[in-house]
Amino acid sequence: MRYNVKRSRIVDLLKSEGSGFDVLVKGWVRTKRVSKGLCFVEINDGSCLKNIQAVADESMPKYSIFANLTTGTSVAIMGRLIDSPAKGQKFELQTKDVEIYGKADAGEFPLQKKGHSFEFLREIAHLRPRTNTFGAVFRVRNALAFAIHKFFQERGFLYIHTPIITGNDCEGAGQMFRVTTLDAKSANDSQNASDFSEDFFGKKTALTVSGQLEGELVATALGNIYTFGPTFRAENSNTTRHLSEFWMIEPEMAFATLEDNIAIAEEFLKYIFKYCLENCKEDMEFFDQRIQKGVIANLEGIIKSEFTAITYTEAVDILVKSGEKFEFPVKWGIDMQSEHERYLTEKKFKKPVIVIDFPKEIKAFYMKVNADNKTVRAMDVLVPGIGEIIGGSEREDNYDVLKSRMVELGLNPDEYWWYLDTRKFGSVPHAGFGLGFERTIQFITGMQNIRDVIPFPRTPKSAEF
RNA sequence: UCCCCUGUAGCUCAGUCGGUAGAGCAGGUGGCUGUUAACCACCCUGUCGGGAGUUCGAAUCUCUCCGGGGGAGCCA
C-alpha cells in the first residue's frame, strides 16, 4: 500500500487532538465483530494497551477482505480518523483500504479472544507478547529499565559493563553454569583432574553470578558506578521468584557507608516506582484492575512512606515476641526464612523493611565486620509479597580483616589477589547493593510468577524459545 | 532437591456409587445497520498425559513414568 501518509502508532492516534484526517495504521488483528453489511475490526500495534477499532461497510471496495480478517492477521489499514458515533471509544477508523501482510489461520492460531491461563501462554512464549497482559508487562519492563538508567545517570553514576564469563569460581552466590569449549566428557574429566589447560581460557570458567566484585574494582577508581546485566544461577530452584537467567542492577559507591547505601536504596526504589506509575499509566491501571487489585495504591503508599530500618537483632526480637507460630523457630543467629520476612513486611510493618547488621556467619565474606565482631554491615530490603528485593552491604575495606574472612569461609585468597589489591592500594570505605530486576517488575505489576515478567524465561528443564 | 496439588475437545473446566464423555468459549455455516469478551440458530471437535495392574467393565481404584502448578530450601 503506497500512500503519502506515514504509518501512525495507535498510541498517538488515540491521543489525537482532532480528527477527520486520513491515517495509516499497521498492526495485528485482535478481534472482529460482524453485522449485516457492517464490520468492526480491532487492531493492536503494541504501542499501547488499547486497540483501535476500524469500521467498514459494504461500500468499501475491499469489504470482503476486511470482513474476512481473522484474529492474529497482520494488516495495514488506511482510513479516516473519526469521532466514534458509538460508546466505548473516542476515535475509530473509517476504513478506506486494507492490505494483509500475513494471514493467521483462524483454526490454528492459538490466541483467542478470551483470556488464557499464564501456564498455557508460557508454552507459546513466542506469541504471548501479542496479549494484553504481556504487552503491558513488557512496556513496564522497558520503562523500568529506562528509569533505572535515568536515576543513576542523573546522579553521576557511570554505567559499567562487568564480564559475563568469569574465571573466579566459588563466589559463594550460588551454583554456576560452566563455560567450556571442551566436549562434555573431557570437561567432566577436567573437573576431577582440575586441569583446564586444554580449555578455551586455559582455566575453569563459568557464567557470572554477580558483577559486584568487578564493580568494586571500577568504583574504587571512578567513584559511583552501576552495572545492569544478565546474571546466571544454576540452582535447581522451582519457585515463582527464581530464574536461571535474570537481570540484576548493582550500584557501587566509593566513600560510602551502610547509611549512604540505605538512603540511596530507598530513594532509588521510590524513584523507579514513581516513574512507572507516571509513564505507564494505562498499563498500570490494567494491572490494578485485572492482575492485582491495589497495586497502584500500594506503590503510591510506598512512595510517600519512610522505609523502616531495623537491625537483625531487633528483627529477631520482634519475631520472638510476635506470638506467631513459625515453622522455623526464631533465634539469634539463624538465617531469616520466607515466613519471617513475610511477617515483618506483611503483618508487622505493612511496607518495605530494611534489615541491617546480620550475624557474620550467615553473610558473605566481603561484608564489613562491625565493631562488635559478631555482625556485618549488611542490608536486606524486604517488600511485601516478594521478600528480598535488594541485598547489599558496606564492603570490608581492611586488607587483613578481608583476607582472614576469606580464609574463615574456606575461600582461597590467592584466587582473589586482584580483589584484595583494592584494599592494599588506596583502600576506601565503599558500599553497594544488588536489585533483582524481574522481582522488581513483579512487585510493580503484581504478576505472581517471575516467569511471566521476562520474555523468554530460563528455568530448570526449560529453555525453549 | 523435598512436600502438596494437578493432567479430560484448540482453550477453560464438569464428569456423582466403576457402566466407554459433556458444557462454555474458540472454529465452520447461516442470520442480524453501530458492534464492544456482540448476539441468535445449527454443525464439527477426544489415544480422558504414557505404560502396567485390579475388574465382566476404568476418565473414575492401585502402581509407575512424564508434564504442569503451588509451597519450602537456595537466593535477586
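Lettering follows sequence order; numbering is per chain, from 1. FYI, side chains are in, hydrogens and waters are out, and symmetry mates aren't considered; it's all heavy atoms of this structure.
- Side chain of A/T239, nearest nucleotide from B/A76, B/C74, B/U36: B/C74.
- Ring centroid separation for the pair A/F268 and A/F273 does not come in under the 6.0 Å cut-off.
- The side chain of A/Q112 has B/G10 as its nearest neighbour among B/A38, B/G10, B/A76.
- Picking from B/U1, B/C74, B/G34 the nucleotide with the shortest atom distance to the side chain of A/E92 gives B/G34.
- Backbone-only engagement by A/I390 is indicated by non-hydrogen atom pairs under 4.0 Å involving sugar-phosphate atoms exclusively.
- Within 4.0 Å (heavy atoms only), A/E245 reaches no atom of the nucleic acid at all.
- In the set B/A38, B/U36, B/G69, B/U36 carries the atom at the smallest distance from any side-chain atom of A/A86.
- Nearest nucleotide to the A/L243 side chain, out of B/A76, B/G34, B/U12: B/A76.
- Interface residues of residues 35-57 of chain A facing RNA chain B, ordered by number: A/S35, A/K36, A/L38, A/F40, A/Q53; criterion, heavy-atom separation under 4.0 Å.
- Taking A/K360 as the reference, A/N373, A/V376, A/R405, A/E408 meet the side-chain contact (heavy atoms from CB on, under 4.5 Å) condition, with sequence neighbours excluded.
- Minimum atom distance to the side chain of A/R342 is reached by B/A72, of the listed B/A26, B/A72, B/G69.
- The salt bridge (charged side-chain N to carboxylate O under 4.0 Å, His left out) contacts involving residues 135-144 of chain A comprise A/R139-A/D283, A/R141-A/E438, where partners must be two or more places apart or lie in separate chains.
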